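So you know, we letter chains A, B, ... as the sequences are listed, proteins then strands, and number each from 1. These figures come from a predicted structure and were not determined experimentally.
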Amino acid sequence: MSERYEIRFSGSGGQGMILAGIIMAEAAAIYGDKNAVQSQSYGPESRGGASKAEVIISHGPIDYPKATAIDCMLAMTQEACTKYHGDIKSGGILLVDSEEVKTVPKGDFKVLSFPIIGTAREELGKTIVANIISLGMIAELTGVVTHEAVEKAVLSRVPPAFLDLNKKALQIGFEKAKMLK
Amino acid sequence: MTESAAKKLPRIVVNEKLCKGCSICVDFCPTDVLEMKGSIAAVKNLAACTRCQLCDLRCPDFAIQVFD
Amino acid sequence: MSIPVAEKKEKVSVPFDYNKYLRPNKLPHIWCPGCGHGIVLKAMLRAIDKAGLEKDNIALVSGIGCSSRTPGYVDFNTLHTLHGRALPFATGIKLAKPEMKVIVVTGDGDALAIGGNHFIHACRRNIDLTVLVFTNATYGMTGGQYSPTTPLEAMATTSRYGNIEPPFDTCEMAKASGATFVARGTAYHTIELEKTIHEALTHKGMSVVDIIDACPTYFGRANKFKSATQMMEEIEKDGTVNVKQAANLPPEKLAGKMLRGVLHKVEKPEYCEKYDILIKEKASAKK
Amino acid sequence: MAEKKKKLLQGNEACVEGAIYAGCRFYAGYPITPSTEIMEGMSVRLPKLGGKFIQMEDEIGGIAAALGGSLAGLKSMTATSGPGFSLKQECIGYACLTEIPLVIVDVMRGGPSTGYPTGPSQSDIMQAKWGTHGDHPVIAVTPSTVPEILTETVRAFNLAEQFRTPVMVLYDEILGHMREPVTIPSPGELLVEDRAKPECKPEDYHPYDDKFLIAPLAPFGSGYRFHVTGLNHKQDGFPTNDSKIIRENNERIMRKVHINRESIWKNEEVMLDDAEVAIFTIGSTARSARFAVNELRKSGIKAGLLRPLTIWPFPDRAVAELSNRVKAIIVPEMNLGQMTLEVERCAKGRCAVEGLFRVDGEPITPSQIFHEVRKYL
């Protein structure tokens with residue numbers, strides 16, 4: 001079980017949490033040398049309200065595809081944070097958007113709070129890339145995938161016109177996370 | 001009957017294995033050539049046949065045809 | 001008894017050789033004495049012959065019911081499917097092999113009740129099928145229940161007090177659903193029917209021919225007809241009027257009569273042709 | 001750089017890859033959660049390959065058109081979920097009797113009825129076997145991973161073409177929607193079977209020729225004119241009332257699968273050699289079970305897993321053999337005991353058989369299985 005590294009991206013529908021999960025899985029399994037399984041909340045949940053994507057990363061085969069003990073969780077809304085934080089394991093990380101999540105849950109895990117959406121708005125003028133900033137932050141915080149792998153994964157998923165924007169967003173994510181460590 | 005060209009009679013063939021006896025051919029024949037013999041259509045008055053083919057056209061059972 | 005004017009002009013000099021298209025030793029067919037389906041089948045074979053279609057290239061598809069036994073008798077690629085499902089099976093064959101001529105023979109219950117949804121959507125797609133609806137206003141195979149085309153007040157084994165459901169007009173529905181060739185014929189007007197089916201076969205797109213024919217066994221007996229002949233006279237001859245003649249008739253002469261002939265014919269893009277264009281575009285885009 | 005052709009694919013996308021690889025060139029279907037991505041994928045892929053795709057007006061139309069496509073010679077597929085699978089049953093029976101190859105994918109969801117469209121389930125195990133009336137053969141494959149969805153879809157096509165019968169691919173919503181890395185096989189890497197074509201003269205051709213257990217199937221329009229009917233028929237395809245012929249034909253279509261069951265069965269055994277308790281399960285539940293087996297072994301408990309990749313024909317012999325050497329077989333399934341019944345049948349009382357059921361739209365977790373197994377030791 002210790003080989004599994006579990007990440008949960010959560011927020012509201014439309015914030016790109018599922019895309020973040022897919023990119024993380026690709027960074028690990030396609031552009032990295034690990035195995036990964038990605039799953040997500042599906043159906044009405046994914047059309048607004050709280051939504052989540054989960055990625056399990058491991059060096060070996062991954063049997064159970066759902067999160068069991070979460071190593072790192074991202075919460076981009078208060079609702080998602082409240083609803084989904086219960087599976088974070090002892091010593092795990094909870095990264096929250098500080099402007100969205102005012103009531104931080106208590107538990108045996110480390111809480112990191114940062115204005116992710118605000119940073120996207122102020123430094124890049126586009127809140128749409130908040131998910132890519134968060135992806136950079138998680139890559140940096142967890143070290144489960146390399147910067148190089150996650151960058152390749154991001155760039156393979158975005159349209160050519162937005163390559164620079166997403167590259168910058170990812171870089172911002174790496175840098176801001178270093179400050180939080 | 002003489003074999004003169006003007007008076008050449010048609011040949012009406014009733015397939016007795018296929019005729020189901022609905023009498024559509026008899027009923028619709030405009031010149032009363034046909035009759036029912038029991039439950040099978042039969043030729044009664046060949047000389048009256050005008051070769052209109054209506055018996056064939058309306059036979060549901062592929063059971064009657066008129067040859068020149 | 002008089003021959004109708006239209007038929008008199010169409011004098012046939014030699015008998016048609018149906019054996020060219022019939023499978024050997026399959027007759028007699030299962031249809032009851034006086035059933036119009038055999039008359040319709042013969043008109044269809046003459047129309048196919050006139051259209052010069054190759055036997056190998058014809059798929060004849062049916063559903064379930066009396067009319068749907070037609071494919072068993074004829075020497076084409078023949079498919080007797082499930083109740084109501086002839087059209088989607090036919091759609092699959094046509095789409096997979098657009099070069100084939102796909103003809104559907106179906107009854108009014110098969111096409112319009114259990115298969116009604118398939119019918120309207122096949123019309124909507126304008127896929128190149130020729131659909132012959134053998135309309136005898138009854139479910140003959142199951143013993144004479146009322147069908148979607150049974151007239152109001154008619155008797156059937158499930159309308160013993162007279163039918164309280166209004167019937168469909170098959171042609172109106174086909175036209176409204178998007179079929180590009182819609183016609184009606186009867187087993188009585190057999191040469192006209194042959195011509196109508198021939199025109200349907202040569203039309204590109206969804207062609208529907210509603211064919212009124214008689215079920216003497218169930219509809220006939222339940223509704224006090226004495227014979228198949230009487231049904232043909234009253235329902236098929238007196239109950240219909242050719243659309244061209246109708247143009248010159250006053251409304252009172254048309255009351256209660258169904259129109260015969262080609263009722264709707266337009267040219268519109270056909271489904272398989274559109275799909276073929278799609279394939280050409282996408283296959284070349286890949287290169 | 002990325003490994004050659006390795007992609008992160010959703011289960012339903014892997015199904016599309018498998019179908020295309022197997023040579024599927026005809027798809028007809030109707031949208032239904034959680035299988036719709038298969039249909040969407042086929043609508044994109046087929047035109048580029050000259051294949052045919054059509055979205056039909058309903059589920060029945062979907063399978064009927066797919067059968068038409070198959071009869072016209074193209075490898076065909078349709079996909080659905082529980083309620084749609086119910087609607088397709090009459091056509092499945094038609095395909096069994098008329099012996100038209102077809103692949104039917106059922107991404108199982110909670111039921112009965114509309115049930116829980118977005119939650120996983122394994123409640124169509126018995127529907128796959130008994131959903132259509134009459135006695136008929138059923139082949140159903142049950143992949144457990146996204147790469148396996150690809151390879152099992154290919155196998156399903158091979159079996160359908162080889163045995164002239166509908167073959168079902170059964171998996172659940174979890175597998176349909178989860179993503180895993182998949183290496184797309186190169187052409188030639190996996191076996192691809194095509195249906196046998198007749199070699200005789202058209203006039204000698206019989207679509208159900210009793211010279212063969214499984215006769216070659218000529219495509220419509222290829223010069224072999226023949227008749228197909230859902231009525232009981234003779235070897236020439238025409239309906240019959242002859243009770244001897246009806247019996248022989250019904251028995252033959254069962255036999256063609258039954259006597260070949262060895263080649264259709266496919267099981268994976270995990271740590272079964274010395275197992276005292278075995279777990280029998282399929283699909284995503286087998287992933288939980290494998291997780292649980294690893295944990296149980298760590299605690300010194302001799303647990304193992306028997307995972308069939310072919311659920312129909314049921315792996316009778318494997319279960320019977322297993323029942324001779326374990327104390328108990330635990331059958332976790334996302335339904336209320338469909339596979340358990342079959343395991344009981346094959347174990348014939350030689351060991352305990354215990355079902356572990358879940359029908360709340362949530363997966364059976366490794367810890368549920370872990371605790372259930374511990375009860376027997």
Is the [atom1] atom of [X] crowded by more than 12 outside heavy atoms at less than 6.0 Å?
{"X": "Tyr21(D)", "atom1": "OH", "answer": "yes"}
{"X": "Lys204(C)", "atom1": "NZ", "answer": "yes"}
{"X": "Asn241(D)", "atom1": "CG", "answer": "no"}
{"X": "Lys274(C)", "atom1": "NZ", "answer": "no"}
{"X": "Glu99(C)", "atom1": "CD", "answer": "yes"}
{"X": "Tyr205(D)", "atom1": "OH", "answer": "yes"}

Review point. Between Leu278(C), Thr78(C), Thr81(C), which shows the greatest number of heavy-atom pairs under 4.5 Å with chain D?
Key: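 Of the options given, most contacts go to Thr78(C).
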
Are the side chains of [X] and [Y] in touch, meaning some heavy atoms are under 4.5 Å apart?
{"X": "Cys91(D)", "Y": "Leu82(C)", "result": "yes"}
{"X": "Lys97(C)", "Y": "Pro219(D)", "result": "yes"}
{"X": "Arg85(C)", "Y": "Ile63(D)", "result": "no"}
{"X": "Phe89(C)", "Y": "Leu71(D)", "result": "no"}

Check your understanding: Is Lys52(D) reaching over with its side chain to a backbone N or O of Leu95(C), donor-acceptor style, under 3.5 angstrom?
Key -> yes

Part of [X] within contact of chain D (heavy atom distance under 4.5 Å):
{"X": "Lys26(C)", "value": "side chain"}
{"X": "Arg125(C)", "value": "side chain"}
{"X": "Phe76(C)", "value": "backbone"}
{"X": "Asn57(C)", "value": "neither"}

Exercise for review: Measure the spacing between CZ of Arg225(D) and CG of Asp75(C) and express it to the nearest 0.5 Å.
Suggested key: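 Going from the CZ atom of Arg225(D) to the CG atom of Asp75(C) covers 4.0 Å.
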
Review point. Which distance, rounded to the nearest 0.5 Å, do you find between the NE2 of His227(D) and the CG of Leu79(C)?
Key: 8.0 Å

If you count heavy-atom pairs within less than 4.5 Å of chain C, which of [options] leads?
{"options": "Gly50(D), Gly237(D), Gly223(D)", "value": "Gly223(D)"}
{"options": "Leu74(D), Leu67(D), Asp58(D)", "value": "Asp58(D)"}
{"options": "Pro239(D), Gly51(D), Pro202(D)", "value": "Gly51(D)"}
{"options": "Thr98(D), Ile54(D), Leu46(D)", "value": "Ile54(D)"}

Which heavy-atom pair separates [X] from [Y] by the least distance, and what is that distance?
{"X": "Met56(D)", "Y": "Pro88(C)", "answer": "CE-CB, 3.7 Å"}
{"X": "Asn77(C)", "Y": "Gly221(D)", "answer": "OD1-N, 3.2 Å"}
{"X": "Phe220(D)", "Y": "Ala59(C)", "answer": "CD2-CB, 4.1 Å"}

Point to revise | Contacting region of Tyr224(D) [heavy-atom separation from chain C under 4.5 Å] | key: backbone

Revision key, fill the gap. When the 4.5 angstrom heavy-atom criterion is applied to Phe238(D) and chain C, the contacting part is side chain

Review point. Could you name the residues of residues 35-54 of chain C that have a heavy atom within less than 4.5 Å of a heavy atom in chain D?
Key: none

**Study point:** Qualifying residue, where the test is side chain to side chain donor-acceptor pair (under 3.5 Å) with Glu57(D) and the options are Arg124(C), His121(C), His118(C)
**Key:** His118(C)

